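Order of listing sets the numbers, starting from 1, for every ligand and every atom in it. Residue numbers run from 1 in the order of the sequence given. Just so it is clear, the model here is predicted, and its values are computed rather than measured.
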Amino acid sequence: MKRRAIFSAALAAAIAATAGSASAEPPPLKQKDRYKVGFAQMESNNPWRIAETKSFKDSAESCNWDLIATDAAGSAAKQVADVDSMIAQGIDVLFLPPREEKPLIPAVKKAKAAGIPTFLVDRSVDESAAKAGEDYVSFLGSDFVDQGRRVADWVIENFKGDKGVIVELEGTTGSSPANDRKSGFDDRIAEDDRFRIVASQSGDFSRDQGRQVMETLLQAHPDVNIVYAHNDEMAIGAIQALELAGRKPGKDVMIVSIDGTRDALQAISDGKMGVTVESSPFFGPLACEVMERYASGEKIEPWVQVKDRVFTVENAADNIADAY
Ligand code: GYE
C-alpha cells in the first residue's frame, strides 16, 4: 500500500512537469530594448477612459513600448476580438481592463496559451474562474469594496436628517467595480437604520444613462434625498435630472460618488455634490514599472493596489487643475 502511494505521487509530479501548456505560472517576459505592448481599452465614452488611454500613450515613449491600443466601444465581444488580433500580431505583453468579470476570461487564457503574460488593469475578472499568478500576472487597481465603504462612511457622518432615502446608480452590470462598489456601500449603510436604499439600477457608468435612470427613478421615489452613483459621470447625469425636476442637488438631495473627475470636483466646489472617493485612471507609469519588475524576474504580488484619496469641499478646488 505504502509503496504504491509513493509511486503515484512520483508519477503525478512527472506528469505535472511535462504538461508544458498547463503550467501553473503565467508566461515569463524576456528583457528587451523595445516591447510590443497591447492595451485593449473597453470604451471611450467618458473622461475616465480617455484619461486612462492617454496615460498609456504618454508612457509608451519613456517605457520603450510600441503600443497597440484598441477601443472595444462598449462591447465585451469586441474586446475579446481585439485581444485575439493582438495575439495574432505577436504582442509581448497584454494590459487588459476587462469590461465585465466573466466574458473576458477566455481571452486571458488564450493569451497565456500563446505565451503572452497579461496584466489586468483597473478592472478584474471573476476570481473563481481565473487567477492572478496563474492565468494572468497581477491585477493593478483600486479596492472597490473599500471605495463604496468610504462613501457610506461619509454619508453616515454628514447626513443631518433622520430618514435617508437612497437611490443607487450602479455601474456596468457584471463589472468588478459595480459589484464591489455596491457591496461595500450597501453593507456599511445597512449598519445605520436611518438609511434605506429604495432603488438600485444600472446606468452603465455613463452620464446619459445616469440621467435617464435618475429621471425614471425620481418619478417612483420623489422622496429621495441621497443619490449614490458608482461613478462621477452618472452622478453628473443625476444632477442634471434632479435640476430639471426642480430639485436642488447639494441642498435637498445629497450626491455622492467615486472617481474624482474634473466635473465632479467642480460640482463639489459649487456645493452640488458632497464627496467623491478617488479612483485614478493614470495607470501608464504603474504599468511600466510593474512590467519592468516582471521582466527582470521578480515575482509580482497578485494585486498591486492603488491608494485612493477622498475629495470633499475641503480639497476639491485645489485639485481641479490636475483633474481630467
Ligand atoms: O470608475 C469608471 C470607469 O473600472 C475603475 O470604470 C474603473 C471604472 C471607473 O468607466 O468611471
Original post:
Atom CG of Asp58 and atom CZ of Phe282: how far apart are they, to the nearest 0.5 Å?
Top reply: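 Answer for the CG-CZ pair, Asp58 versus Phe282, is 9.5 Å.
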- Applying side-chain hydrogen bond (donor to acceptor under 3.5 Å, both in side chains) between Asp308 and each of Ser279, Ser280, Ser142, report the one that passes.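 Going through Ser279, Ser280, Ser142 one by one, the side-chain hydrogen bond (donor to acceptor under 3.5 Å, both in side chains) with Asp308 is satisfied by Ser142 alone.
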- How far apart are the closest heavy atoms of Ala287 and Leu140, and which atoms are they?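 Scanning both residues, the minimum pair turns out to be CA-CD2, 3.9 Å.
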Is the Tyr294 ring parallel, tilted or perpendicular to the Phe119 ring (thresholds 30°, 60°)?
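Because their plane-to-plane angle is over 60°, the rings of Tyr294 and Phe119 count as perpendicular.
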Phe185 and Tyr228 aromatic ring geometry - parallel, tilted or perpendicular at 30°/60° bounds:
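Rings of Tyr228 and Phe185: parallel, under 30°.
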Contact residues of ligand 1, where a non-hydrogen atom lies under 4.0 Å away
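For ligand 1, the residues that come within the 4.0 Å heavy-atom cutoff are Asn46, Trp48, Arg49, Asp122, Arg123, Phe144, Pro177, Arg181, Asn231, Asp259, Ser279.
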Using a 3.5 Å cut-off and no angle test, enumerate the donor-acceptor pairs between side-chain atoms of residues 153-164 and protein atoms at least two apart in sequence or in another chain.
{"unit_1": "Asp153", "atom_1": "OD1", "unit_2": "Arg188", "atom_2": "NH1", "d": "2.7"}
{"unit_1": "Asp153", "atom_1": "OD2", "unit_2": "Arg188", "atom_2": "NH1", "d": "3.0"}
{"unit_1": "Asn158", "atom_1": "ND2", "unit_2": "Trp154", "atom_2": "O", "d": "2.8"}

